[in-house]
Amino acid sequence: MTTSLDRSSASAPEPRSDAGSRFPVDFLWGVATSAYQIEGAAFEDGRTASIWDTFSRVPGAVFGGDNGDVACDHYHRMPEDVDLIAGLGVDSYRFSLSWPRIQPGGRGAVNQRGIAFYDRLVDRLLERGVLPWVTLYHWDLPQELEDAGGWPARDTAHRFADFAEIAMNRLGDRVRWWTTLNEPWCSAVLGYDTGRHAPGRQDFGDSMAAVHHLLLGHGLATQRLREAAPEPIQVGITLNTAHALPATDTDADRAAARRADGFGTRIYTDPLVLGSYPTDVVDELSARGVHLPVQHGDLSVIAQPLDFLGVNYYTSHYFSGTAEDDSAVEATADGVALTRLVPQGYPVTAMDWEITPFGLTGMLTRLGADYPGIPLYVTENGAAFDDQPDQDGEVQDAERTAYFAEHIEAVAAARDAGADVRGYFAWSLLDNFEWSYGYDKRFGIVHVDYETQKRTVKQSGRWFRDNIRRSRQG
């Protein structure tokens, strides 16, 4: 493997602030990936199709007709990738398990060849002094379970609990950190309402049923994990909480922001922590003729005590509750309320997401205040930019480096304000398959040449390594 990690870090710019030195020496630093985005080997060693294998073959669903059949070929290059991770000096590596690789079809026997890959991965990480942080579900639902109804069907939550127990039985002697779900909002809304993600369905009622069954699956899986764990473990969930702000200080805009917050954050955090869905969200759903499929005892199952809450943050959104004459701005008018996104003119990433580090401070302090006593970890934070190697083979991604510096400073500010933030994971370790964007968007701190699979640590990766070193100096 060829990387640029061993090059002098003198070429990497200094951070805009000395954020690294503002963290305690036991603050957890990591990098993150997900199975479908990097592993490849889509149909090797007994793995069967996930909803993303199916969706990516729908004409027009994914940019360029791309798919994850090869991705970053991590399945075959895992040992050298772990060496790369260790060379970045991180404490932990957050990765997900491929459900259809471990349990083809989503039910029944374990695929021993599939789960053996994660055995080797965990062992390699521990050999290199890197803490494995497992995410059970990062969107790759076995296609057979989707055919049986998917997340809108209650049975999927129970099948997920079975999968969690399988993973614990095999890996629990070495893995202490477990995340049940990654961003259930994306699974439910993008997968079943807007259709922008797999499985590509467009039914609001199904989307809200999926919300409840994802959360139920989390609760059931948490119970199984703790029952089967041979040693004490840490169990949590990762949310892409919506940092929703009013575009102006008017009643209409404040109401629009609260509505966006209700459907983007509180519909998840309230049942997880408080054991109930927010009343305003339930009332609006009722007005639309939609009812969450809550059965007796569900909410107590969902509200299993959290050892931590993972927060994925990329940007903030400003909302208006008033219409504009032109309809170019995204809006939803559903007979109940109007919620319109209003760009603020901040610099944007290649995803056209505004760069708003202050929003990360606000979200972390808000979660700490509204749901006290739960340790917080930033489990994803990063940015896509159109960077490529220069003539010397270096990737000088100054914009991404600045993004990390600003957002790590924002985490430090949240800690200063009293938020119990204990770790930060950069997204992503590698450039990879970026869902419906295919290979068009690059988030990695390591550049991947998809033709040769050559890895090159970017300027941002070297800066991130050096920032970790500074934090450990106290």
Side-chain angles (χ1 to χ4, degrees), residues 33-78 95-118 121 134-153 155-164 166-167 170 181-184 186-188 190-192 194-203 206-207 210 213-214 217 221 432-439 450:
T33 65
S34 84
Y36 189 75
Q37 291 181 276
I38 69 166
E39 285 183 0
F43 300 101
E44 293 184 32
D45 291 340
R47 182 188 180 279
T48 56
S50 75
I51 54 175
W52 272 97
D53 295 289
T54 302
F55 183 71
S56 63
R57 285 164 169 78
V58 175
V62 175
F63 179 87
D66 294 335
N67 59 55
D69 286 5
V70 176
C72 303
D73 198 31
H74 174 70
Y75 188 78
H76 299 115
R77 299 168 184 268
M78 179 272 290
F95 61 95
S96 73
L97 307 181
S98 170
W99 192 347
R101 191 181 299 285
I102 292 174
Q103 191 187 30
R107 64 180 76 240
V110 178
N111 174 27
Q112 296 299 333
R113 290 176 296 170
I115 202 165
F117 169 74
Y118 299 104
L121 171 57
V134 166
T135 298
L136 287 169
Y137 185 73
H138 200 130
W139 309 352
D140 50 356
L141 184 71
Q143 181 60 44
E144 290 87 344
L145 292 186
E146 171 59 24
D147 293 341
W151 284 110
D155 183 64
T156 305
H158 292 278
R159 301 289 71 75
F160 179 61
D162 292 344
F163 172 59
I166 289 170
R170 187 63 172 259
L181 306 174
N182 180 80
E183 298 183 352
C186 290
S187 297
L190 299 183
Y192 292 97
T194 70
R196 290 167 53 194
H197 278 192
R201 287 159 60 176
Q202 294 179 308
D203 186 295
D206 282 352
S207 173
H213 294 140
L214 283 156
N432 55 41
F433 177 81
E434 188 48 44
W435 307 115
S436 60
Y437 292 92
Y439 296 99
Y450 296 119

| request: Would you please classify the geometry between the H138 ring and the W435 ring as parallel, tilted or perpendicular, with 30° and 60° separating the classes? | output: parallel
| field | Separation of T33 OG1 from H74 NE2 (nearest 0.5 Å) | value | 6.0 Å
| task | Output yes when a side-chain donor or acceptor of Y450 lies under 3.5 Å from a complementary backbone atom of N432, and no otherwise. | result | yes
| message | With heavy-atom distances below 4.5 Å as the criterion, would you say the side chains of T156 and L214 are in contact? | response | no
| note | Residue set satisfying side-chain contact (heavy atoms from CB on, under 4.5 Å) with R107, at least two apart, ordered chain then number -> L145, D155, R159
| Any donor and acceptor pair, going by atom type alone, linking the side chain of T48 with main-chain N or O of G105 inside 3.5 Å? | yes
| request: Could you tell me which non-hydrogen atom of A42 sits nearest to which non-hydrogen atom of G68, and how far apart they are? | output: CB-O, 4.4 Å
| request: Search all heavy atoms of Y439 against all heavy atoms of N67 and return the closest pair with its distance. | output: OH-O, 2.7 Å
| message | Quick check against the 3.5 Å criterion: does R170 have a side-chain atom that pairs as donor or acceptor with the backbone of I166? | response | no
| message | Please report the interatomic distance CG(L121) to CD1(I115), rounded to the nearest 0.5 Å. | response | 12.0 Å
| said: Quick check: closest heavy atoms across P152 and R201, and the distance to 0.1 Å? | reply: CG-NH2, 3.7 Å
| So F160 and F163, would you call those rings parallel, tilted or perpendicular, with 30° and 60° as cut-offs? | tilted
| task | Using atom types as modelled and distance alone, determine if a side-chain donor or acceptor of D73 lies under 3.5 Å from a backbone N or O of V70. | result | no
| message | If the test is ring-ring contact (aromatic ring centres under 6.0 Å, His included), which one of W139, F95, F433, Y75 qualifies with Y36? | response | F433
| request: Examine distances only and state if a side-chain atom of Y192 and a backbone atom of W151 form a donor-acceptor pair shorter than 3.5 Å. | output: yes
| task | Determine the minimum heavy-atom distance between Y137 and S187, stating which atoms define it. | result | CE2-OG, 3.7 Å
| Minimum heavy-atom separation for A35 to S96, with atom names? | N-OG, 2.7 Å
| request: Working to the nearest 0.5 Å, report the span between OG of S98 and CD1 of I38. | output: 11.0 Å
| request: For the residue pair F43 and D53, establish whether any side-chain heavy-atom pair is separated by less than 4.5 Å. | output: yes
| request: State, yes or no, whether a side-chain contact exists between R57 and D69 at a heavy-atom distance under 4.5 Å. | output: yes
| task | Give a yes or no answer on whether the side chain of Q202 reaches the backbone of T194 with a donor-acceptor pair at less than 3.5 Å. | result | yes
| request: Tell me, please, which residues at least two apart from S436 pass side-chain contact (heavy atoms from CB on, under 4.5 Å). | output: H197
| Heavy-atom distance under 4.5 Å between the side chains of T135 and S34, does that happen here? | no
| Cation-aromatic face contact R47/F117, 6.0 Å, 45 degrees | no
| How long is the span from the CD1 atom in I102 to the CD atom in Q112, to the nearest 0.5 Å? | 10.5 Å
| query | Are E39 and E44 close enough that some pair of their side-chain heavy atoms sits under 4.5 Å apart? | reply | no
| Within the distance-only criterion (no hydrogens, no angle test), does the side chain of H213 pair as donor or acceptor with the backbone N or O of A157 below 3.5 angstrom? | no
| request: Heavy atoms only: give me the nearest A188-S207 pair and the separation to one decimal. | output: O-OG, 2.9 Å
| request: Measure from the side-chain N and O atoms of N111 to the backbone N and O of D45, and report whether any donor-acceptor pair falls under 3.5 Å. | output: yes
| message | So for atom CZ, which belongs to F63, do other residues, nucleotides or ligands contribute more than 12 heavy atoms lying within a distance under 6.0 Å? | response | no
| Which distance, rounded to the nearest 0.5 Å, do you find between the NE2 of H158 and the CG of D162? | 9.5 Å
